[in-house]
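Below is one structure, written out as structure tokens; the observations come after it.
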Amino acid sequence: MRRVAVTGIGVVSPLGHCPEDVFEAARAGRSGVHRLDIAGAQRLTAPLAATVRFDGAEHFEPPQLRLLDRVSQFAVVAARRAFAHAQCELTDVERERTGVFLGTGMGGTLSMDDGYQTLYGQQSNRIKPMLILQGMHNAPAAWIAIEHQLRGPTLTYSTACSSSSVAIGEAWLRLACGALDVAVAGGAEAPLSIGSLKAWEAMHTLASVDGANPATSCKPFSKNRSGMVLGEGAALLVMEPWDRAVARGAVIHGEILGYGLTTDAAHITRPSELGQAAAIHSALASAGLCPQEVDSINAHGTGTLANDSVETSAIKLVFGTRANQIPISATKAVHGHLLGAAGALECVLSLLALQHNVALPTLHLQEPDPQCDLDYCANEARPGGAGQTLLSHSFAFGGTNAVLALRAAR
Amino acid sequence: MTTVDRIRAMLVKDFKIAPEQLTLDARLEDLGIDSLGMADMVFNIEDAFGLNVPDTAVTLTTFGEIVQFIDDLVVAGDRAQAPRTVLPLSPVQAP
């Protein structure tokens, strides 16, 4: 198996548009969550979201823009940024061996919502001719491939909240075994329509508004947590074999050591500590690590009652008495839950945490919960806390658990 | 504004085509308007002209043919007895 380096990072996120800005916001605990003021927000019980400042017209000419749902716009811009960051010029032959691996949970749901509004809301039959192309889940990956002329596999993964960790993991597998030479991998999500927010709300998974400060509404691992806050954005990595990166003098931002993937096969929503623990074990095995070698963890940490206590139990199952000595970060408190892009954005934050050797804080952890009794780096970043080796967890409705094992390039 | 001016302005705005390229004999293919672009253009023309382009097939290949076709529909509409003519659409090429 070949070692795999991350040489480019591109982000479009509620915390900023370049990796360092995103990292600094997460380190300082500047929340991207706010009250949502889009049309129809008054129909939401808790109008909250982590939105991205983004105008597609600044990035695309009108003929292409009309074909692109917001999720594809995010993905294509993040890919541009990742390739620019990687300073990676591909030859024609290399493009044949370059793949796109993209996670998205809801694809072009904004466009579909708009189409349904036309059809059912306005009782009009005038559906825009590009709706299918905007709405299809594989559009973001396809547009990246078209723009950069990447002719290897172009794959879209939709495993709800673990989609983009799966995408990065699957890219890692192909690079590690020699099937590909370059991959752009990560996720994109643009789920903030009233339709999808109402659907998430109906499941009783969303956080209620913190009256004192809406930006603090998502409170992972805190006893007073009330749910997650939806976010939007994209994060993409350029990944390549370590030797190739070294040979071309690339800046290496970190290493993907391995990847664990398991399925609960139990319940469509309720997380399973056994399934999650199995994914952690699987990631350790694939990376050739023993539990003692894990220095820190990026938790899935959604801020829902069920996730945070079950994830705590899973960590204890794997790490035993050492579990409370491992710094754990839950950054969704500040960037929201980007669903199919969450794992990729957290992978970016984790790589930067390793680079800076800083364990990122879990914000808004105001009340300790006896069921969540590990070290979550509450409210303050911890210099020296990330260490050399980090696990990034992503768990999902549907029960697909993905864990990435990452190492600093220092 | 005449039909030709209105459609020309739409193509300049929506497709970023230089106005001087939009001569009546300019081929749509050469202007970068493929079957997908045609579907998009017809939708926008329907909105702008308040037309309902009938859903039957015909092949139009130049800018001038489109203008003539839409002009005919407008005139027919003005006479309030639009004949069921033709759609300037080749089907979107799909796998």
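In what follows, chains are A, B, ... by sequence order, proteins preceding strands, each numbered from 1. Note that the structure is predicted; figures quoted are calculated from it, not measured.
- The only member of A/L68, A/L67, A/D69 that meets side-chain contact (heavy atoms from CB on, under 4.5 Å) when paired with A/Q134 is A/D69.
- With a threshold of 4.5 angstrom between heavy atoms, A/I127 approaches chain B through N, CA, C or O but not through any side-chain atom.
- Contacts between A/R126 and chain B at a heavy-atom distance below 4.5 Å involve backbone atoms as well as side-chain atoms.
- At a 4.5 Å heavy-atom cutoff, A/L65 makes no contact with chain B through either its backbone or its side chain.
- A salt bridge between A/D181 and A/R95 is absent, with no side-chain N of the basic residue lying under 4.0 Å from a carboxylate O of the acidic one.
- No hydrogens or angles considered: nothing links the side chains of A/S162 and A/S165 as a donor-acceptor pair under 3.5 Å.
- At a threshold of 4.0 Å, the pair A/K128-B/D40 does not count as salt-bridged, since none of the basic side-chain nitrogens sits closer than that to a carboxylate oxygen.
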